[in-house]
Amino acid sequence: MFSLTGAQLTIGLLERQAVRTIAGIPGGANLPLYDALSRSTLIRHVLTRHEQGAGFLAQGMARITGRPAVCFATSGPGATNILTAIADAKLDSVPVVCITGQVPRAMIGTDAFQEVDTYGMSIPITKHNFLVRHARDLLHIIPEAFSIAVSGRPGPVLIDIPRDVQLERVDFEHWPEIGEREPSPVHFDADLGVALEMLASARRPILWVGGGVVASGAGAEVLALAERASMPVTSTLMGLTVLPYDHPLNMGMLGMHAQRHTNMALEACDLILAAGVRFDDRATGKVQEFCPQAKVIHIDIDHSELDKLRSASVAILGDVGEVIRALLPRVAQAERQEWLGYIAALKLAFPSCIPEQGGHATPLELIRRVGELAGDGAIVVTDVGKHQMWTAQSYPFTPGTGWLTSGGLGTMGFGLPTAIGAALAEPDRKVLCFSGDGSLLMNIQEMATAAEQGVDVTVILMNNACLGLVHQQQELFFKGNYFSSIYDVNVDFGLIARGFGWKVWDMAGAADPDAVLIEAMGHRGPALVHVPVDRNEKVWPMVPPGAANRTMLGGESHE
Amino acid sequence: MNSSRTVLDVLVKNHPGVMSHVCGLFSRRAFNVEAILCLPLSGGEQSRIWLLVNEDERLEQMIRQMRKLQDVLDVRMKPDAEPTFASLGQVMGG
C-alpha cells in the first residue's frame, strides 16, 4: 500500500515515465508540486526566467529526442505565458506534457487570485487536456497524457492540477502501467496497389516530404524510394533533413521561399507523392492552383489531414515509415531520363540563389559557412524571420542534422529556449541557434538560464535592426510604407549578452571574419556571434501571400 | 434557403468539458450547429450528443476532427433523427 499526496504521486509517475529534466517556474498554485519535485533524486529541474521559455525548453528536448518532455507553470499568468509554446507544439506536432497549477477546487470560477480558465483556454491548442478533480485520477491521467502525446500524430497535452488536489492524499495498491505509444493505424493493402499503379504510370512524379517523415524516422526508406523510382524530392520547412542537401534528386524546399526551378518543376509534375505533409499554405501557395496537372497520393498518420485541402486520388492512412516500407519492394525501378532532364534544364535556366560554398559577404554565404564548420551532426535551431528562411535555403542539411524550427505557428522567441532544451537533451552535440534581433529580444531573458546551465549553445545573431520580413512585405506589398518595423534604438547585444555571462564575438568590421567564426564556434558554452546585416538584404524568391506558386518575385539571377 | 440538414450522433465520455471540446471544433470553423441534444447514457459514464447541422462539403472534415478528440468514442450520421428536433421545437414553442 502506498500513501502519497497528489503532488508526490505526480512526481512519482513522471519518474516512472523516465522524465529526467523538467523546465518550469514555481508559483503559489504549484508549490506543493515543487516541494515534491525538490525531493526527487531522478529529476533535475531547470528554472527558466519566463514560462514561455520553459515551454520552449521542453519543446527543444522533445523535438530532438522524439520523446515527451515536461514543463511546469503556475496558475493564471504562469499558464497564459506558457500557452504560446504549447500552441507552437500543437502546430508542429511535438509531444510536450505541460502541468499547470490551478487555484483550489472550491475557488474555481470565483475569479480567485491568479485564476484563469486554463482548461478552457488550452482546449483548441492541445491534442488533449485534463482538469484533475481528484488526486486518485492522476493514476490514470498522467500515463494517459504521455500515451496521447506520442501516439499517432504527436502533440502537446496539458494537465491542470488544483492546489488542493496536489495536497490531497491517495492510498493505492499498485503503480499503474507506464503510458506508451499506441500502435499506428494499419494501412489498406488495396490503397498501396492503386498507389503503385499510379507511380508506375506517372511520367513526371515528385516526392514531397515533410515533418511526418522526420517524426516517423523514415528518412532512409524515403531516400531509397526516391532513388529506386528516380523521383525528384521536394521538402517542406519541417522536412529539410530527410535528404542530404547535395543529393542529385533533392530540389530543396517548395513554396513561398523556394528556388524558382523547384516551384516550376511542381507546376509541371503529373503526380505528387505527399508523405507526412499537411498542404500548408506556405508550401502550396494558392492551394487551388498547386500542382495543377498532378494526381495526389497522400500518406499521413492523421485521418483529418487526408482530403483536408486537396482531394487525393489515393489517401493512405498510416505511419509513413510503415507505408513506405510496404511500398518499397513493389516499386519498379525507373530511369525517367526525360523528366530528370527537364528538371536539370529548369535548374540551368533558373539558377538557384543559394551559394555553392560558404563565405561572409551575404547571410546565405555566412549560414553555409557556419554549416561547413559545424560539420554533420550539429543541432540547428532558428527563430522566426528572414534568418529562418535563409537558414532553410542555405544550411547544408543532412539526415544527421538536428533541425528545430517553428514551422506552423512561426513563433518569434522560439530559438533561444528551444536551443537550451536541445543542448540539455544532447549535451555532446553542437547547438547552433540562428536568430534575428527582433526574435532574440522576445525571449532574451533565457540567456540567464543558458548561463546557469552552462549549455553549449552558439547564437548567430543576424542583426538588421528591424523586423525583417515585415519590412520586406511593407516594401513589396505596401508601397514601402515602413510602419512599426524599424527599431529606433539599436540594442548593444554584445553588452547585454556579457551582462548575462555569455561570451561574445562580433563580425562587424572583423579583418578575418572566418577566424572570428572558427574561434566562436570552438568555444564550449553559451556564445553570441553578432552579425550585422543590411536591412535591404531580402529573402528571395518570394511568392506573394495568397498567390499561386508560379508567381515568384526576385531571385531571377544572382550573379 | 432551407439547405438540407442532417444529424450527427456523437458518443462521448461524460465529463465536464467534453461539450466544449466538441462545440469548439464547430465554432472555430464558423460551422453552424442548428441544435444540440445531449443526454447521459445509463450509468452516466457516457453521453450521447445529437447535433443538427447543415450538410455542407466540410462535414466530412468535421467528422474526422471529432473522431480525433480523445473523449469522442464514435461519430455517425443519423439523418432519420431530424424529426425529433422538429417535435422538440413544438415543445419549446419555436
Side-chain angles (χ1 to χ4, degrees), chain A residues 87 90-91 93 102 105 108-109 117-134 137 140-141 143-160 162 179 182 185 278-279 288 298 300-312 315 317, chain B residues 4 6-33 36-38 40-41 43-51 53-79:
Chain A
K90 175 79 177 341
L91 280 179
S93 308
Q102 182 54 277
R105 280 170 289 188
I108 289 179
D117 179 9
T118 306
Y119 180 84
M121 288 195 298
S122 58
I123 287 173
I125 57 157
T126 53
K127 188 172 175 190
H128 192 52
N129 61 353
F130 298 92
L131 172 54
V132 185
R133 291 172 191 278
H134 305 283
D137 294 345
H140 69 86
I141 286 177
E144 207 180 321
F146 278 79
S147 174
I148 291 168
V150 288
S151 298
R153 178 180 184 171
V157 179
L158 184 139
I159 307 170
D160 199 28
E182 303 274 338
R278 59 181 180 85
F279 289 74
Q288 296 82 355
H298 191 182
D300 205 280
I301 201 164
D302 180 350
H303 197 202
S304 67
E305 288 302 339
L306 302 172
D307 301 319
K308 182 178 82 172
L309 292 161
R310 166 90 175 237
S311 295
L317 177 66
Chain B
S4 78
T6 189
V7 174
L8 298 178
D9 178 356
V10 190
L11 184 66
V12 299
K13 293 184 193 167
N14 181 20
H15 73 82
V18 67
M19 193 63 102
S20 296
H21 276 101
V22 171
C23 292
L25 290 181
F26 286 86
S27 60
R28 176 183 170 199
R29 292 170 177 84
F31 194 115
N32 203 25
V33 177
I36 303 173
L37 262 178
C38 181
L41 298 178
E45 291 284 301
Q46 296 177 356
S47 290
R48 171 151 266 139
I49 303 175
W50 282 2
L51 302 171
V53 294
N54 289 332
E55 289 220 58
D56 91 19
E57 73 278 3
R58 296 176 298 164
L59 197 56
E60 176 61 26
Q61 172 66 202
M62 294 306 309
I63 291 171
R64 289 183 186 188
Q65 291 287 351
M66 262 192 286
R67 287 188 177 133
K68 269 168 73 170
L69 295 176
Q70 303 294 327
D71 292 330
V72 168
L73 306 170
D74 195 15
V75 186
R76 287 162 196 245
M77 301 271 269
K78 196 172 173 59

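Every chain is numbered from 1 and lettered A, B, ... according to where its sequence line falls, protein lines coming before strand lines. None of these values were measured; they are calculated from a predicted model.
- Of the two parts of A:Glu144, only the side chain, counted from C-beta on, holds a non-hydrogen atom closer than 4.5 Å to a non-hydrogen atom of chain B.
- Here the OG1-CD distance, from A:Thr126 to B:Gln70, works out to 9.5 Å after rounding to the nearest 0.5 Å.
- At a heavy-atom cut-off of under 4.5 Å, chain A is reached by B:His15, B:Pro16, B:Gly17, B:Ser20, B:His21 from residues 14-24 of chain B, listed in order of number.
- The minimum heavy-atom distance between B:Gln61 and A:Ser304, with the atom names listed, is NE2-O, 3.0 Å.
- Annotation for B:Arg29: atom CZ counts as buried by contact number, over 12 foreign heavy atoms lying within 6.0 Å.
- In this structure, the side chains of A:Asp302 and B:Arg64 stay at 4.5 Å or more apart for every pair of heavy atoms.
- Using a 4.5 Å cut-off between heavy atoms, A:Leu306 touches chain B through backbone and side chain atoms alike.
- No side-chain heavy atom of B:Glu60 sits less than 4.5 Å from a side-chain heavy atom of A:Asp307.
- Top candidate by heavy-atom pairs under 4.5 Å with chain B, chosen from A:Lys308, A:Lys127, A:Arg153, is A:Lys308.
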